[in-house]
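First up is the structure itself, then whatever we jot down about it.
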Amino acid sequence: MDIALHVTELIYSHTLRSHILKMPLLNTRFLESHRELRLAHLALSVMTMGYVWQEGENDTVKMLPRNLAIPYWKVSQSLGLPPILTHADAVLANWKKRDPHGPFDMENLELLVTLPGGDSVRGFFMVTLLVELAAVPAIKSIPLVINGVQCGDAETVTSALEEISQAMEGMTDALKLMHAYVKPEVFYGIIRIYLSGWKDNSSMPAGLVYEGIQAEPMEYSGGSAAQSSLLHCFDELLGVKHEENCGAFLTRMRNYMPSSHKHLIQDISLQPSLRGFVQQEASELLTAAFQLCVTKLMALRSYHINVVSRFITVPAARARQLRSQGNSSQEETVSRAPTALEETGTGGSGIMSFLKTVRDRTRDVSLPLDNRAMQKSTNGAQPQNTQYTTHQTHLQSNTF
């Protein structure tokens, strides 16, 4: 923790690697609780990203030293997470309230550990956390939908779907905060490289050797919004089927989630078809509630494309322009960005084509709807509180 809490300063002084090389080989057997393991994974992840990318894309390393690699591997195995910084680390397990009794908002939240990028790196992780928080009512409503479908209760399903669409709108509203708290040139020029992995990355084509684990290099993708379980849950619930390449990438990203999240997505996928139930019931209100969820999910994905354009596509164009002019002045923050990531996300996907294809496949589950039904759904009463009993093992676990 002494090193993890000072990763940014050590990177800027070019001494993080030397500090890590002097670190003793720590024994992970003293880590007993889930929370201790998650904190250890977060700390070791941030140290690893700093160690690999300390000198940028042109002076990476081929091997993670054993005194970092061995405990990192053991903690990762205990949690079922890969030995690289994931969304579950940087966002879900990387916050605390300044005032424990205060609100869960930007002013009262701070990071446990950080990376280069100053206020923008805090803003990026915290806004993403608030998007996750906005989704909580939707995740809690999914078992209501599943139970309602199984029991043939169209009214309960309608009410729960209205709750889900409201939460999706809240997620989009939370995502809009990104523009207020993150500077595009800082995200693109400074932060992104520290979220990058060693799979599908031309800066590290062979991957990374985890010394003391195995002699052959291993490949892991960097952080990605696709590692959040939220949209996976919504896709499975609504029946969204993705194009082959996009679907394969999304499925692979599930291996970067906590195991309970992955199991929840799998559980939802095994339930009777919600879309089929909506078609069978032929209820105007139910169809409108389902279609509103599809519309709100498409709106969220469209807004994400807007964010990616501002924070990646536009700065990338600026960086290319500067290079073509032979101007790589450090005064232009975007000039510091790694060229290997210009057309891809940090998770390794071809980012804009991927996001647009995923959004367009979401549209494919739309159901025909007359204007009167949509008007009733949009302007109707607030969803009722419904009492229910259901098996919610994954939802009720006190894990994050």
Is the shortest side-chain N to carboxylate O distance from Asp235 to Arg301 below 4.0 Å?
-> yes
Restricting to pairs with a member in residues 118-133, which pass side chain to side chain donor-acceptor pair (under 3.5 Å), not counting sequence neighbours?
-> His87-Glu132, Glu132-Ser228
Decide yes or no for Asp360 and Asp364: does some side-chain heavy atom of the first lie under 4.5 Å from some side-chain heavy atom of the second?
-> no
Path from Ile146 to Val136 over hydrophobic side-chain contacts below 4.5 Å | yes
Is there a donor-acceptor pair under 3.5 Å between the side chain of Arg275 and the backbone N or O of Val365?
-> yes
Could you tell me which residues satisfy ring pair (Phe, Tyr, Trp, His ring centres under 6.0 Å) with Phe311, sequence neighbours excluded, listed by chain and number?
-> His179
Within a reach of under 6.0 Å around NZ of Lys62, are more than 12 heavy atoms found that belong to other residues, nucleotides or ligands?
-> no
Is it true that a side-chain atom of Thr287 and a backbone atom of Glu284 form a donor plus acceptor pair closer than 3.5 Å?
-> no
Could you tell me which non-hydrogen atom of Ser302 sits nearest to which non-hydrogen atom of Arg359, and how far apart they are?
-> OG-CD, 3.0 Å
Hey, what else clusters with Met257 if you join Ile, Leu, Val, Met, Phe, Trp, Tyr whenever side-chain heavy atoms sit under 4.5 Å?
-> Ile265
What is the distance from atom CG of Leu238 to atom OG of Ser366, rounded to the nearest 0.5 Å?
-> 10.0 Å
Rounded to the nearest 0.5 Å, how far apart are CG of Asp153 and CG of Asn147?
-> 9.5 Å
CE of Met23 to CG of Asn67: how many Å apart, nearest 0.5 Å?
-> 4.5 Å
Hey, does Ile191 have a side-chain heavy atom less than 4.5 Å from the side chain of Pro116?
-> no
With sequence neighbours left out, what residues match Lys296 under side-chain contact (heavy atoms from CB on, under 4.5 Å)?
-> Ser165, Met168, Glu169, Leu292
Do the charged groups of Glu236 and Arg254 touch, with an N to O distance under 4.0 Å?
-> yes
For residues Leu109 and Leu130, determine if any side-chain heavy atom of one lies less than 4.5 Å from a side-chain heavy atom of the other.
-> yes
Take atom CD of Glu244 as the centre, draw a 6.0 Å sphere, and report whether it contains more than 12 heavy atoms from other residues, nucleotides or ligands.
-> no
Decide yes or no for Ser224 and Met253: does some side-chain heavy atom of the first lie under 4.5 Å from some side-chain heavy atom of the second?
-> yes
Give a yes or no on whether the backbone of Leu175 and the side-chain of Tyr303 come within a donor-acceptor separation of less than 3.5 Å.
-> no
Backbone N/O of Thr156 and side chain of Ser159: donor-acceptor pair under 3.5 Å | no
Atom CG in Leu237, atom CG in Leu274: separation rounded to 0.5 Å?
-> 5.0 Å
Hey, are the side chains of Thr48 and Ile84 touching, using non-hydrogen atoms and a 4.5 Å cut-off?
-> no
Okay, side chain of His304, backbone of Leu300: is any donor-acceptor separation there less than 3.5 Å?
-> no
With the 4.5 Å side-chain cut-off for hydrophobic clustering, are Met352 and Val314 part of the same group?
-> no
Ser229 and His261: which non-hydrogen atoms are nearest, and at how many Å?
-> OG-ND1, 3.1 Å
Using the six-membered ring wherever Trp is involved, compare the ring planes of Trp53 and Trp198 and label them parallel, tilted or perpendicular (cut-offs 30° and 60°).
-> tilted
Under a single-linkage definition using a 4.5 Å side-chain heavy-atom cutoff for Ile, Leu, Val, Met, Phe, Trp and Tyr, are Leu64 and Val209 assigned to the same hydrophobic cluster?
-> no
Examine distances only and state if a side-chain atom of Thr15 and a backbone atom of Ile11 form a donor-acceptor pair shorter than 3.5 Å.
-> no
Sequence neighbours excluded, every pair satisfying side chain to side chain donor-acceptor pair (under 3.5 Å) that has a member inside residues 68-86 | His41-Ser76, Ser45-Tyr72, Thr86-Asp89
Single-linkage hydrophobic cluster, 4.5 Å side-chain cutoff, Val46 and Leu26 together | no
How close do Cys233 and Ile142 get, heavy atom to heavy atom, and via which atoms?
-> CB-CD1, 3.9 Å
Ring pair (Phe, Tyr, Trp, His ring centres under 6.0 Å) with Tyr194: which residues, sequence neighbours excluded?
-> none
Closest contact, heavy atoms only, Arg17 versus Val52 | NH2-O, 3.1 Å
State, without any angle test, whether Glu163 and Ser141 hold a side-chain donor-acceptor pair at a distance under 3.5 Å.
-> no
Begin with the C-alpha distance, continue with both residues' side-chain angles, and end with the deciding distance and a verdict on side-chain contact (heavy atoms from CB on, under 4.5 Å) for Ile268 and Leu264.
-> CA-CA 6 Å; Ile268 296 170; Leu264 175 61; 4.1 Å; yes
ILVMFWY network linking Tyr220 to Met63, side-chain heavy atoms under 4.5 angstrom | no
In terms of heavy-atom contacts, Glu211 and Pro65 come closest through OE1-CA, 3.4 Å
Over 12 non-hydrogen atoms of neighbours within 6.0 angstrom of CG in Asp2 = no
Roughly how far, to the nearest 0.5 Å, is the CG atom of Leu286 from the CD atom of Gln279?
-> 10.5 Å
Considering only heavy atoms from C-beta outward, does the side chain of Asn255 approach that of Lys262 to under 4.5 Å?
-> yes
Quick one: does Glu36's side chain have a donor or acceptor within less than 3.5 Å of a partner on Ser33's backbone?
-> yes
Kindly determine whether Arg361 and Cys246 satisfy side-chain contact (heavy atoms from CB on, under 4.5 Å), including the steps that lead there.
-> CA-CA 10 Å; Arg361 283 303 177 99; Cys246 293; over 6 Å; no
Side chain of Gln214, backbone of Glu216: donor and acceptor closer than 3.5 Å?
-> yes
Is a side-chain N or O of Asn108 found less than 3.5 angstrom from the main chain of Lys97, in a donor-acceptor match?
-> no
In terms of side-chain heavy atoms, does Gln54 have a donor or acceptor partner in His14 at a distance below 3.5 Å?
-> no
Could you tell me whether a side-chain N or O of Asn94 sits under 3.5 Å from a main-chain N or O of Leu111, the two making a donor and an acceptor?
-> no
Looking at Gly117 and Val186, what are the two nearest heavy atoms and their distance?
-> O-CG1, 3.6 Å
State, with a plain yes or no, whether a side-chain heavy atom of Val61 is found less than 4.5 Å away from one of Tyr51.
-> yes
Gap separating the CG atom of Leu31 from the CZ atom of Arg38, nearest 0.5 angstrom | 13.5 Å
Residues Leu79, Val75; criterion side-chain contact (heavy atoms from CB on, under 4.5 Å); working and verdict | CA-CA 6 Å; Leu79 289 169; Val75 169; 4.0 Å; yes
Residue pair Asn27 / Phe30, side-chain heavy-atom distance below 4.5 Å = yes
Between Phe125 and Tyr181, is a side-chain contact (heavy atoms from CB on, under 4.5 Å) present by the stated rule, with each step listed?
-> CA-CA 10 Å; Phe125 291 144; Tyr181 288 97; over 6 Å; no
